[in-house]
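Here's the structure we're looking at; comments come further down.
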Amino acid sequence: MRPIIEASRKRKEPPRHLRAPCPVHCTALAANSSPAALPILDFPAMQKETEIKLRVSRETLAALREHPLLKKRNKSGWERRELMNQYFDTPERDLARAKVALRLRRDGDAVIQTLKTSGQSVAGLSERNEYDWQLAKAKLDVKKLEGQCWPEALAELDKKTLKPLFTTDFVRERAEIAWGRGKAKVVIEAALDLGQVIAGKQKEEICELELELREGEPAALLELAAELALTLPLMPCDISKAERGYRLFDAGSYSLSLPAPQLSAETPLDEAFAALAWHLLGSSQRLAEQYRFNGHWRLLQDWVDNLAELRALASSLGQAAPRQSTAELRSALDALLEDWRPLVQAGLDDEDVRKAAPEQFIEELQDVRWGLFSLNTSRWLLARAWTADRNTRGNRQGAAQLGSWLPRLLAEEATSLQLPRYQQQPEDLAEQLPRIERIQAWLHHSRSALEIPELDRLYGELNKLAQLANEPITDEALDARKQQAIAVFQNRAWKTLLRL
């Protein structure tokens, strides 16, 4: 691994986030001594980092520099900096497993040691703690990695085993953007990054827009990004530069699974829907990124499944989400599913379709549709827009506990499905797919909140029924539909639902 290279360009002052101590350390300074009496390197500058990462093309990166919206609100002008970063971990990658990133950065004459600890990332909007130390030379100082900044999960780690793993070197053009929200002041740092991640002989291009909140509410980041996404293809992507480095070592190291929402019978419907929708949106973005990276067919299938589940949930809430409040979301999902669901279905039996799909997906990402959908859906969820303008009954339904609301929904859907009819007319089963998918979506994520026997088995049987409903009609397929409709109808959990 090559060392951080020396840079001759002079800086007039250290990076902006190192010019003053973080507020959490101001008390210590005042109580113990004057700032001049204390060595600044003993006190890490800690800040909460809230940002959106947007993957872009080189053409889009150039267009962003001249974008009228950024030009109009650019209060600082574009500042160009060359940033050379070296990341450290143990040979066993203990830091990566703890979701911690440790790097040395050379920024002009400044050398900064940074520790980013585990945070949260939801649908491209990420927040985590970041600790910075300005060092006198480009050598990792493990003595700084103590106290409140060092994760408890790594307390027993031998820090002497930390070694250079990969580098991320790039040119950053940054500017401060004033983004007003009524009377509230909002300052956003826009950064255009172009460079490379290098891990041994492996390389990957860095070409992205980062929007980092400096002052104001996180919603402003989504608002600015959505405005830019109206005319430029922006792909929300929460994979960090560090994750890209690890992925070059091991393509499977990029975790696709996000922590599943923990729902209980007492969870209010509004909270359950919000948690599931954020989860599905975030998962779909990670699947899109990984499919773009390696083209594995299963990832595209899972991406479509995530979008279908989000569509099913959005149409299942009754008066808790008036149809007008979900109309834009449902329309956007329908457009995506109309294009991609038939392709995935065709690809199940056609290798040529599977081989051509990655290039078609790249074309999707080069259009504005995916980025605009992702950002607008994030804004919709952050604003809890489905709760707007609903009546008193809708408010009561939104506040209802999952354990009482969900069985009633499932019972209504099960009764309306009229499975005995499709034992006689299996050719018409496909018309009931939206209803089956609504039941599936809730059972997939919430069946542990219900005290109904054999729900796991019912979920599996419904999956088989939905798969058969999607298949072309043949004599063999029609007979399979009949048999599967009987299997669902005779399931103990299904009978329980019909009696509710």
Side-chain angles (χ1 to χ4, degrees), residues 260-277 279-280 308-323 325-326 330 386-387 390-426 428-469 481-500:
Q262 299 300 305
L263 304 179
S264 70
E266 291 75 32
T267 305
L269 174 59
D270 279 340
E271 304 310 318
F273 172 71
L276 292 176
H279 175 72
L280 290 168
E309 283 197 337
L310 183 55
R311 175 64 174 86
L313 292 176
S315 62
S316 70
L317 301 180
Q319 295 191 40
R323 287 189 63 80
S325 72
T326 63
R330 289 183 288 108
W386 72 93
T387 68
R390 65 186 182 188
N391 57 28
T392 302
R393 186 175 179 183
N395 288 331
R396 285 201 301 268
Q397 193 173 105
Q401 293 184 347
L402 201 59
S404 61
W405 175 84
L406 186 52
R408 290 198 297 271
L409 170 76
L410 296 177
E412 291 171 4
E413 297 285 18
T415 301
S416 299
L417 186 54
Q418 299 179 2
L419 274 181
R421 172 188 169 189
Y422 299 100
Q423 296 170 29
Q424 305 301 320
Q425 299 172 272
D428 296 334
L429 183 62
E431 68 187 22
Q432 288 293 344
L433 267 174
R435 194 180 304 280
I436 295 172
E437 288 171 351
R438 288 195 290 272
I439 300 172
Q440 281 179 293
W442 282 106
L443 287 182
H444 184 189
H445 299 284
S446 309
R447 60 186 184 272
S448 61
L450 303 179
E451 295 183 1
I452 296 177
E454 293 191 17
L455 277 179
D456 288 347
R457 184 175 177 184
L458 175 59
Y459 176 63
E461 298 292 359
L462 278 170
N463 284 340
K464 295 176 186 176
L465 187 65
Q467 183 177 347
L468 290 167
R481 287 183 184 184
K482 290 180 183 179
Q483 298 305 315
Q484 192 57 33
I486 293 172
V488 172
F489 190 72
Q490 292 180 342
N491 178 269
R492 186 180 174 190
W494 190 261
K495 292 180 178 179
T496 301
L497 291 175
L498 292 175
R499 290 196 298 268
L500 292 177

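Side chains included, hydrogens not; waters and symmetry mates left out as well; all remaining heavy atoms used.
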Using modelled atom types only, decide if a donor and an acceptor are shared between the side chain of [X] and the backbone of [Y] within a distance under 3.5 Å.
{"X": "Arg421", "Y": "Asp428", "value": "no"}
{"X": "Gln397", "Y": "Ala320", "value": "yes"}
{"X": "Thr415", "Y": "Glu412", "value": "no"}

Just how far is it from atom [atom1] of [X] to atom [atom2] of [Y], taken to the nearest 0.5 Å?
{"X": "Leu443", "Y": "Leu450", "atom1": "CG", "atom2": "CG", "result": "7.5 Å"}
{"X": "Glu309", "Y": "Ser316", "atom1": "CD", "atom2": "OG", "result": "11.0 Å"}
{"X": "Arg481", "Y": "Gln425", "atom1": "CZ", "atom2": "CD", "result": "12.5 Å"}
{"X": "Arg390", "Y": "Arg396", "atom1": "CZ", "atom2": "CZ", "result": "11.5 Å"}
{"X": "Asp270", "Y": "Trp405", "atom1": "CG", "atom2": "CH2", "result": "10.5 Å"}
{"X": "Leu280", "Y": "His445", "atom1": "CG", "atom2": "NE2", "result": "4.5 Å"}

[X] vs [Y] side-chain heavy atoms within contact, under 4.5 Å:
{"X": "Ser416", "Y": "Arg435", "answer": "yes"}
{"X": "Leu402", "Y": "Trp442", "answer": "yes"}
{"X": "Ile452", "Y": "Leu410", "answer": "no"}

Contact summary for [X] and [Y], nearest pair of heavy atoms:
{"X": "Ala321", "Y": "Thr326", "answer": "CB-CG2, 3.9 Å"}
{"X": "Ala275", "Y": "Pro261", "answer": "O-CG, 3.6 Å"}
{"X": "Ala469", "Y": "Ala430", "answer": "O-CB, 3.6 Å"}

Take atom CZ in Arg393; do more than 12 heavy atoms of anything else shown fall under 6.0 Å from it?
->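 Count not over threshold, so no.
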What pairs with Gln418 under side-chain hydrogen bond (donor to acceptor under 3.5 Å, both in side chains), at least two apart in sequence or on another chain?
->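 Once residues adjacent in sequence are excluded, Gln418 has no partner under the side-chain hydrogen bond (donor to acceptor under 3.5 Å, both in side chains) criterion.
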Test side chain to side chain contact (heavy atoms under 4.5 Å, CB included) on Glu437 and Arg311 and set out the steps.
-> CA-CA 9 Å; Glu437 288 171 351; Arg311 175 64 174 86; over 6 Å; no
List the steps and the verdict of side chain to side chain contact (heavy atoms under 4.5 Å, CB included) for Leu406 and Leu409.
-> CA-CA 5 Å; Leu406 186 52; Leu409 170 76; 4.1 Å; yes
Check step by step if side chain to side chain contact (heavy atoms under 4.5 Å, CB included) holds for Ser446 and Leu276.
-> CA-CA 9 Å; Ser446 309; Leu276 292 176; 4.0 Å; yes
Looking at Arg408, Gln432, Arg438, which one forms a side-chain hydrogen bond (donor to acceptor under 3.5 Å, both in side chains) with Glu413?
-> Arg438
Output a table of donor-acceptor pairs, distance under 3.5 Å, between side-chain atoms of residues 487-500 and any protein atom two or more places apart or on a different chain; print 'none' if there are none.
unit_1 : atom_1 : unit_2 : atom_2 : d
Asn491 : OD1    : Ala493 : N      : 2.8
Asn491 : OD1    : Trp494 : N      : 3.2
Thr496 : OG1    : Arg492 : O      : 3.0

Give the table of side-chain donor-acceptor pairs shorter than 3.5 Å for residues 453-468, with sequence neighbours excluded, one pair per line with atom names and distance.
unit_1 : atom_1 : unit_2 : atom_2 : d
Asp456 : OD1    : Arg447 : NE     : 2.4
Glu461 : OE1    : Gln484 : NE2    : 2.6
Asn463 : OD1    : Gln440 : NE2    : 2.5
Asn463 : ND2    : Tyr459 : O      : 3.4

